[in-house]
There are 2 protein chains.
Amino acid sequence: MSALQKFIEHKAYNMRYWSIISPAQAGSGHTTTCLSAADIAAVLFFHSMHFDPEHYENPDNDRFILSKGHASPLLYAIWHQLGKLTDDDMMTYRRIDSVLEGHPTLRFPYTEAATGALGVGLSIGVGEALCAQLDKRDYYTYVLLGDSETSEGAVWEAVQVAAYYKLDNLVAIIDCNRLGQSTPTIFEHDVKRYSDTFSAFGWQPFIVDGHDVAELIKIFDKAKKIKNKPSVIIAKTIKGYGVELIADKEGWHGKALKSDQVKTALQQLKSKFPKAATYTGGYKWKPTLPKKNDRAIYTEHPLIRMPKPNFKKGETIATRKAYGHALSVLGDECEAVVSLDAEVKNSTFAEIFETAHPDRFFQCFIAEQNMVGMGIGFDRRGRMPFISTFSAFMSRAHDHIRMAAVGQAQLKLVGSHCGVSIGQDGPSQMGLEDLSMMRCLPESIVLYPCDGVSTYKLIKEMACYNKGIAYMRTTRMATPIIYDNDEKFPVGGCKVLRQSTNDYACIIGAGVTVFEALKAYAVLKKDSITISIIDLYCIKPIDAETIIIIAQKSSKKIITVEDHYPEGGIGQAVSHAVRNNNFHIEQLAINKLPRSGRPEELLALYEIDAAAIVNKVRKIL
Amino acid sequence: MSALQKFIEHKAYNMRYWSIISPAQAGSGHTTTCLSAADIAAVLFFHSMHFDPEHYENPDNDRFILSKGHASPLLYAIWHQLGKLTDDDMMTYRRIDSVLEGHPTLRFPYTEAATGALGVGLSIGVGEALCAQLDKRDYYTYVLLGDSETSEGAVWEAVQVAAYYKLDNLVAIIDCNRLGQSTPTIFEHDVKRYSDTFSAFGWQPFIVDGHDVAELIKIFDKAKKIKNKPSVIIAKTIKGYGVELIADKEGWHGKALKSDQVKTALQQLKSKFPKAATYTGGYKWKPTLPKKNDRAIYTEHPLIRMPKPNFKKGETIATRKAYGHALSVLGDECEAVVSLDAEVKNSTFAEIFETAHPDRFFQCFIAEQNMVGMGIGFDRRGRMPFISTFSAFMSRAHDHIRMAAVGQAQLKLVGSHCGVSIGQDGPSQMGLEDLSMMRCLPESIVLYPCDGVSTYKLIKEMACYNKGIAYMRTTRMATPIIYDNDEKFPVGGCKVLRQSTNDYACIIGAGVTVFEALKAYAVLKKDSITISIIDLYCIKPIDAETIIIIAQKSSKKIITVEDHYPEGGIGQAVSHAVRNNNFHIEQLAINKLPRSGRPEELLALYEIDAAAIVNKVRKIL
């Protein structure tokens, strides 16, 4: 047995020790899943990976993503063994004042990705590996998955795209420990099944005994030499390995050991690994540092300047097209920008960016979850990902977007084809819940421009926003330019488009309904009924102050009108924001499951058009 | 060439004809994707499928799911050829007064599933095939997928589960036409790749020329004879086949032909298929009717009676556990009930149902999208699916849930582990956006019981609800029983738990915050400050009437308190519902990304506990 092997087995032993102790101390946590993966983790960190533990953010470090986030005690044990956490730190696991959370978050500085929803990590790894290719860096990205986790479809989206991009700098490891949370996994210990499926999708599979350190060392070395395709290491393991009390037994998934059980467990661990337990050193381990690389680092985005747009008032352009144009210009100014598309680039107009910057455009095919996961990876490695698809299909990636928010990723999401105004394609293609979904993310901003100028300007605002997820919804149909090229659109603002000294109501719209409000204004004006109009281009944060001022002057009456379901959209956001002002508020929104039809017919049928606004104003006069 | 073959080729010709004409008339629609699949559809409907076109709802009919929903003109052309649509009907495609929508919805009576979001149909098919097994019926379920569509991870979730359940009554067809919407597909015409991947997951693959009717007939016959595993027919096709103008050309995905192009196209179609175009009959086709089967049909659920529960006031039980218990009792009373679980049955307590009714419990593994899709299939075939996982992971299936709403499926969804009150597992496991997501579905109801009695009673309400999706969120921690076993909990109601003649504010809570409000009541009472308390067990539809009455009597002040993000939850629902009453409203909610900690610590940290309520009441006195 080599000195290195003995050393690694000792490290794995220590990791197992702490994977028992930390959860036991906390009274909860997933010990058994750590015990199955400890040897893999020890070989990775103390042999295979090239990284500088003193400088986690070194852009050339190999990267490790714990996709099976419930094995968080193992992650903390790794960094404890690397000297970055004390024994006392380890005893704070899951405490409210500790960064050692139940599932890893970015609060722990050595976390590559916040995980805990299964099936997200591999996509983040795909994003990082692709980013390495783009940045011409040599680092490898390692992703440790659970076997249960591979039931998640998102994993197979990542598998397909990783093979497509020939990511030979990506290594997935399946900790095939046979047992899920409540039942054996779908394939149990049929490791050949995993090998066959990954292989069929174009990956290089390796099957290995996940508790044989010498074999693991060899296999990880082999994986590094594979060219033009990603590797997967299918490690046959035992859940709870090393502790007879819990090894390969159902009913121990999410459980910590009680104090008397801890005693037994530690004794069993010692008898299982007598040499590793009594290892007294002799191996001078030093991290293998990555080669230096003086390529640009994009983490700190420079002050972004975009030239003034050049739209003409009255000419028409769809905001989705203005988005493609703006993104392309932003790409000229900011090298960090990348564009990810789910095979709808000719609908979202991401194709304009692709034409201008083909090297920074990534086709993700119709696999929205993986696309968003890749975006998290690009963001983590310093790029600025703009991710676009139909707003309706953002819902496909809701959990990934939620996890991006948990991981404080600065994603820029753009959903096209919002609302019934798309017309004939029908309800399955209409984004009618996206405002609700995106508003409900901590630290998010939600934008909804109505014309080309505001779209262009807001793309810059999205680029500059650095606190969380920025979302923009865009419209299919062309709309007229109503703003000057000099107009400013700060986040948290709105635009007062009509106002007089004697308004009967304040109409709040956004996107297509702004134009319906303007039409209603003209109709009512003929009867000497004046209304104020607000373009609520920023739905979150909402400009309550301006709305309150304008509504106060508009007979204290507000009518919201939106191409979205009633719940969680503009109407309810406004109602809540101005709730303590004794206003009368009416909401026009899509109140039932819509259908196919021409856009103008649908706006009328669901009563969010000019006629509906006129009727509502007359009703509340 | 057999007479049958000539007949089918003629039918395929007619379907192509109408797949050109209908979209051209509408001015939009997807012609080319219909032309690639016309031969497959013709063989299926005029040879392979056993069904009674006069009685679509015959429970023994073979089933056809058009997963590639954008090929809707083909679906309508099929039923036109079966005599169920007139030429005039075909000319109404995509019109606002037509049931022939842009993507199929249930408004068209011969639609098996509303599709249009890709990657949903196969899961619905898995549900139907499994339902056939359960019901001991002989029908086959055929699912036609696009090749681009197989990039969606949800497809691979379905693939795994179908193989696990050995669904030899399920046949998937991949229309491998090489071209996506904006770019070639990931594998283009590499049909072996599809064959290898399906095969690796345990399916029986067949590769066939998708335009060779004789071969298609043979292959479909073969597929029916496969035992113990599902079959997939990988049909190599040409997008736009039969019309040279558009065949195998990029840029024609979502386009209808213009009138001059139609003329050319029809000429080219005729020259391509001269015999089929001039076919004059001679084959007396009759549908092959399914064998009669007198097994129970569950479509009309009988009046559901559940025995009175037997909880004792003051004893504690988690609502998630009360759910498992109630579902098991419901299962005793109602044979239609099935339970679907995403490998967390010991957390959601679906395992109680499994123990009582193992034959009606289906393990779906960690694949929430497919689980929901399966539920749509079970519902469509007359069963009553209760689908449970963590509330946080309902977001993984958001698009499938959205499509279930588009398809008017009566799913019963139960999300456990809501909110920060789960404690140490941390933010990735906390459902904090589920109320927002579920409220924003047309026709949905959203329930949130606080104790065992209300949970039990509301499960019955969910079973009886027949207009759309019913959602219940349940809590991890045990809570005391506060209601009598006789108490009634109608949908759209709420419970007034405290009220006096001199209340300073009305506290509206649900779930865990009900108990915090009760604690706050006791504290304030000592200072002679009385408050009213509402348990808002039904979030949608909201009982605005009762809230307004109680708030009127509570100094016109409302404090909402919820274990959910602020947007789209209880606070904003209440603000909106009572907006025109000049109330003062305060909202207590989870205002930032939470962290790990003990439940009571987290309720305090994020200010939704009794102390926060007390403070807020004192502040607005």
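Not measured: the values here are computed from a predicted model.
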With B:Phe187 via ring pair (Phe, Tyr, Trp, His ring centres under 6.0 Å) - residues at least two apart =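 For B:Phe187 the ring pair (Phe, Tyr, Trp, His ring centres under 6.0 Å) partners, ignoring immediate neighbours, are B:Tyr194.
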Could you list the residues that satisfy ring pair (Phe, Tyr, Trp, His ring centres under 6.0 Å) with A:Tyr164, not counting sequence neighbours?
->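 A:Phe365.
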[X] versus chain A, heavy atoms under 4.5 Å apart: side chain, backbone, both or neither?
{"X": "B:Ser347", "answer": "both"}
{"X": "B:Lys192", "answer": "neither"}
{"X": "B:Glu351", "answer": "neither"}
{"X": "B:Gln369", "answer": "side chain"}
{"X": "B:Glu443", "answer": "neither"}

Quick one: which of [options] has the most heavy-atom pairs under 4.5 Å with chain A, could you say?
{"options": "B:Glu157, B:Glu343, B:Gln424", "result": "B:Glu343"}
{"options": "B:Tyr565, B:Phe201, B:Phe390", "result": "B:Phe201"}
{"options": "B:Asp196, B:Val159, B:Thr183", "result": "B:Thr183"}

For A:Met430, is it the side chain, the backbone, both or neither that has a heavy atom under 4.5 Å from a heavy atom of chain B?
->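 For A:Met430, backbone heavy atoms alone lie under 4.5 Å from chain B.
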Cut-off 3.5 Å, side chains only: do A:Gln572 and B:Arg439 have a donor facing an acceptor?
->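 B:Arg439 and A:Gln572 do have a side-chain donor-acceptor pair below 3.5 Å.
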Donor + acceptor pair across side chains of A:Ser436, B:Ser436 (<3.5 Å) |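 Looking only at side-chain atoms, B:Ser436 and A:Ser436 do form a donor-acceptor pair, the distance falling under 3.5 Å.
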Begin with the C-alpha distance, continue with both residues' side-chain angles, and end with the deciding distance and a verdict on side chain to side chain contact (heavy atoms under 4.5 Å, CB included) for A:Leu602 and B:Ile96.
-> CA-CA 8 Å; A:Leu602 295 176; B:Ile96 196 163; 3.7 Å; yes
